[in-house]
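First listed ligand is number 1; within each ligand, the first listed atom is number 1. Just so you know, these numbers use all the heavy atoms, side chains as well, and skip hydrogens, waters and symmetry mates. Count residues from 1 along the sequence.
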Amino acid sequence: MNEEIILKVENLQTKFRVGKRIVHAVNDVSFELKKGTMLGIVGESGCGKSVTAHSIMKLLPKNGSITGGKVKYYDNNGKAHILNEYDRNSKELRTIRGKEISMIFQDPLASLDPVYTIGSQISENLREHENISKKEAFDRVVSMLFELGFSNPEERYYDYPHNFSGGMKQRVMIAIAMICNPNILIADEPTTALDVTIQAQILTLMSKMQKTHGTSTILITHNMGIVAETCDEVAVIYMGRIVEFGNLEQIFNTPMHPYTKALLKSVPVLSSGGEKRLEYIPGATPDGSEVIKGCAFADRCKHTMEICRTKQPVESIVDGSHRVLCWLYDKGGKNA
Ligand SMILES: Nc1ncnc2c1ncn2[C@@H]1O[C@H](COP(=O)(O)OP(=O)(O)O)[C@@H](O)[C@H]1O
Ligand SMILES: [Mg+2]
């Protein structure tokens with residue numbers, strides 16, 4: 001595996017202001033994305049997956065801000081760009097976003113414009129970032145549509161979104177994200193709205209695109225089953241913190257954190273009626289505006305000790321890249 005790093009997130013913190021409350025959505029998140037690989041970010045709804053992605057892209061709503069840490073992107077020349085330090089409307093950031101790093105948003109089906117043809121919506125992104133003729137753009141879009149499994153792409157180019165099924169629209173969203181051949185693709189729950197057969201097709205397609213184009217990918221999902229099928233490395237996130245990070249083998253064969261173990265036990269069942277959402281783990285995620293002294297998972301954990309309620313766990317390195325944020329693994333209590 002290529003060990004070159006393309007994205008480095010260091011101690012990222014993102015907060016929202018909601019009236020008088022402060023919501024701590026991302027707390028001290030650090031991870032690296034290796035070139036050409038797929039990293040899964042997995043966790044229950046509300047744990048901070050989308051906010052992590054939006055922070056990387058610097059696409060936070062007005063009441064949100066990055067209050068600490070760094071997002072470093074290494075371009076093709078190896079130059080580091082600290083994305084969070086760019087002005088949100090700077091030309092440099094806009095060029096990186098869209099051309100070098102692109103994102104498929106959660107609920108992407110709503111983001112296609114009903115009044116424009118599919119082809120024009122894909123080529124718009126291309127022509128914004130590359131100085132090419134209409135004809136060249138048309139050819140690039142047609143070949144991308146073909147690559148994404150449309151058998152008559154020239155005709156499809158002139159169709160409108162309402163002519164397309166959910167799965168076809170999702171492939172169009174992938175085309176929009178991939179048309180500039182980005183170095184990094186961030187896909188936020190890209191298949192959640194689709195039925196199971198189509199989910200599998202889209203994921204296979206994403207893996208194929210990732211391999212043929214060498215795109216480094218962050219795949220966000222609440223489903224461990226999807227992670228198992230597609231990812232090289234996994235970040236398990238709970239209440240805005242990475243509680244465990246490891247490669248696929250480490251996370252699935254020797255999971256450490258009680259939360260990871262619970263997630264693995266409750267992989268959503270895929271059936272013909274769609275995805276059955278399971279009550280993952282008893283208890284609810286705490287409100288992000290509460291100040292929690294100890295471990296945020298303590299109330300739901302089977303192994304809670306006294307220290308878990310009083311002190312934030314310190315990360316332990318288990319084995320190489322495998323790390324866990326849990327007092328159970330604090331060997332000899334050296335951090336306690
Ligand atoms: N615009 C916002 N204003 C206030 N709080 C927000 C906003 N967006 C997200 N949050 C909060 O941030 C936390 C993480 O949300 P999110 O990243 O969307 O979770 P998910 O893991 O489901 O993608 C949640 O507590 C959510 O309520
Ligand atoms: Mg989300």
Within 2.8 Å of the Mg ion (ligand 2), is there any N, O or S atom belonging to Q106? yes
Within-cut-off N or O pair, G48 and ligand 1, under 3.5 Å: yes
Could you tell me if any non-hydrogen atom of G43 lies under 4.0 Å from any atom of ligand 1? no
Tell me whether G64 reaches ligand 1 (any heavy atom closer than 4.0 angstrom to a ligand atom). no
How far is atom 20 (P) of ligand 1 from the closest protein heavy atom, and which atom is that? G46 N, 3.4 Å
Under 3.5 Å between some N or O of ligand 1 and some N or O of V23? no
Using a 4.0 Å heavy-atom threshold (strictly under), name the region of I237 that reaches ligand 1: side chain, backbone, both or neither. neither
Can you find an N/O atom of K49 closer than 3.5 Å to an N/O atom of ligand 1? yes
Geometric N/O contact S50 with ligand 1, under 3.5 angstrom: yes
Using the salt bridge (charged side-chain N to carboxylate O under 4.0 Å, His left out) definition, which of the options E244, E32, E315 pairs with R323? E315
Measure the distance from atom 12 (O) of ligand 1 to every protein heavy atom, then report the residue, atom name and distance (to 0.1 Å) of the closest one. A25 CB, 3.4 Å
Taking the side chain as every heavy atom from C-beta outward, state whether M178 and L185 have any pair of such atoms under 4.5 Å apart. yes
Note the single closest protein heavy atom to atom 3 (N) of ligand 1, along with its residue, its atom name and the distance in Å. N63 ND2, 3.1 Å
Geometric N/O contact V51 with ligand 1, under 3.5 angstrom: yes
Considering distance alone, does some N or O of F16 sit under 3.5 Å from an N or O of ligand 1? no
State, yes or no, whether a side-chain contact exists between M103 and R97 at a heavy-atom distance under 4.5 Å. no
Step by step, work out the side chain to side chain contact (heavy atoms under 4.5 Å, CB included) result for L126 and E136. CA-CA 10 Å; L126 182 57; E136 278 173 291; over 6 Å; no
Would you please test E130 and K99 for salt bridge (charged side-chain N to carboxylate O under 4.0 Å, His left out) and show each step? CA-CA 9 Å; E130 289 182 33; K99 180 162 168 54; 3.5 Å; yes
Within the 4.5 Å heavy-atom criterion, are R156 and F164 side-chain neighbours or not? yes
Pairwise side-chain contact, E233 with F245, heavy-atom cut-off 4.5 Å (strictly under): yes
Indicate yes or no for a side-chain donor-acceptor contact from D188 to the backbone of S50 under 3.5 Å, with no hydrogens or angles considered. no
Distance under 4.0 Å to a non-hydrogen atom of V18: what atoms of ligand 1 satisfy this? 4 (C)
Parallel, tilted or perpendicular: ring planes of Y259 versus H257, cut at 30 and 60 degrees: perpendicular
Does some side-chain heavy atom of S55 sit less than 4.5 Å from a side-chain heavy atom of V9? no
Which one holds for P61 and ligand 1: side chain close, backbone close, both close, or neither close, with close meaning a heavy atom under 4.0 Å? side chain
May I ask whether atom 24 (C) of ligand 1 is less than 4.0 Å from at least one protein heavy atom? yes
